[in-house]
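My structure is below; once you've seen it, I'll send some questions.
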Amino acid sequence: MTLKEGVALYDLDIYTLGKMADSIRKELHGKKTYYNVNRHINPTNICKDICKFCAYSANRKNPNPYTMSHEEILEIVKDIAQRGIREVHIVSAHNDRVGLDWYFDIFRKIKREFPEIHIKALTAAEINFISEEYGLSVDEVLDLMVESGVDSMPGGGAEIFDEKVRDYICKGKVSSQGWLDIHEKWHERGRKSNATMLFGHIESRKHRIDHMIRLRELQNRTGGFNAFIPLVYQTENNYLKVQKRITGQEILKTMAISRIMLPNIPNIKSYWVTSTINLALVSQEFGANDLDGTIERESINSAAGANSRNGMELENFRNLIKNSGFEPVERDSLYNEI
Ligand code: V47
């Protein structure tokens, strides 16, 4: 589908879009809805960059800077390992006061003590920051990740690829092409990653479709994306003023259209943290086949108003999926069923 055809999909009524997306979802995954039992860790919120949409980083509006020591992080990992949790998702701000070793030694320490834990860490935005801050090439940073035990990359930092919008909402952070190049190089190393899209702020429908097409083209070359994750913009405690809040219908349409536009990305994740659990459950009928996981702690979106600080209790999560007519299936970080 072209940009024009993609934008025209929004003119279809929501039920037609739902049916189209659901038929693709059914063909790929039947009634299965994937989740994983994971723990998010955000080790620091001190950030050199200023993204207008971000409420997480310590700034004049939210002056609450923190940086975790490796001991503190290892304590958390020890606790989750004892409880059988298989994934840590580690994303930090762009902290220029901690040094290169702070970023990488923690992965080595986790792998040494808990080799069975999958480390999903470092967004393309962090990789770009580390490369610029420490005078390393992107290849050198990616090699360091492999060497220190990072297993896969999360999809953060993609925001919206349109250069004009990107410049307005997060000037100075990794460029759109930079984000895509970093993921391409990671995929060339035989590794997997995810891709996000931040929507519901100042972008237009056309910008969303353009974003999806750029991802689809990269996926055609590498096949390295496991999941596409449309993130709904959370409005509180930040510097991005949005006149009109996105509606539930527009969120569901975008979810369905992403399933239709991205037939080559196997999983569409409805991240309940930003869509609310209620809409995430409905979005299972609009193309989404993955609801992320229990998360346990969440700092980035909850700072901006999402109701996710303490994650979700597993039994409750499974029951919600079951009661909405789908089959909850636990997966590992690379989408192998457990
Ligand atoms: O890149 C920041 C987003 C992302 C806001 O790969 C906001 O499995 C909404 O990428 N409103 C980080 N979103 C989170 C992320 C992620 C989450 C879950 C799973 C995966 C995965 C990746 O959070 C950032 C940014 O786009 N974000 N502020 C906000 N106000």
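Both backbone and side-chain heavy atoms feed into the values below; hydrogens, waters and symmetry mates do not. Whatever order the structure lists them in is the order used to number ligands and atoms, beginning at 1.
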**Request:** Indicate the ring-plane relationship of F228 and H211, choosing parallel, tilted or perpendicular according to the 30° and 60° boundaries.
**Result:**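 The arrangement is tilted - the two ring planes meet at 30° to 60°.
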
**Asked** Any chance CD1 of I50 has more than 12 other-residue heavy atoms, nucleotides or ligands included, within less than 6.0 Å?
**Response**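 Not buried by this count: 12 neighbours or fewer within 6.0 Å.
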
**Close residues, ligand 1: non-hydrogen atom nearer than 4.0 Å** =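 Around ligand 1, where the cutoff is 4.0 Å for heavy atoms, the contacting residues are F53, H89, K120, P154, G155, G156, G157, E159, N194, T196, L198, I229, L231, V232, Y233, Q234, N238, K269, Y271, D292, I300, N301, A304.
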
**Request:** Decide side chain to side chain donor-acceptor pair (under 3.5 Å) for T235 and R245; before the verdict, give the C-alpha distance in whole Å, the side-chain angles of both, and the deciding distance to 0.1 Å.
**Result:** CA-CA 8 Å; T235 55; R245 266 188 188 233; 2.9 Å; yes

Show me the donor-acceptor pairs within less than 3.5 Å that the side chains of residues 74-82 make with the rest of the protein, sequence neighbours left out.
{"unit_1": "D79", "atom_1": "OD2", "unit_2": "R83", "atom_2": "NE", "d": "3.4"}
{"unit_1": "D79", "atom_1": "OD2", "unit_2": "R83", "atom_2": "NH2", "d": "2.8"}

**Asked** Step by step, would you call D151 with K192 a salt bridge (Lys or Arg N to Asp or Glu O under 4.0 Å)?
**Response** CA-CA 8 Å; D151 295 293; K192 295 286 187 182; over 6 Å; no

**Prompt:** For the residue pair F161 and W179, does the interplanar ring angle fall in the parallel (under 30°), tilted (30 to 60°) or perpendicular (over 60°) class?
**Reply:**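 Because their plane-to-plane angle lies in the 30° to 60° range, the rings of F161 and W179 count as tilted.
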
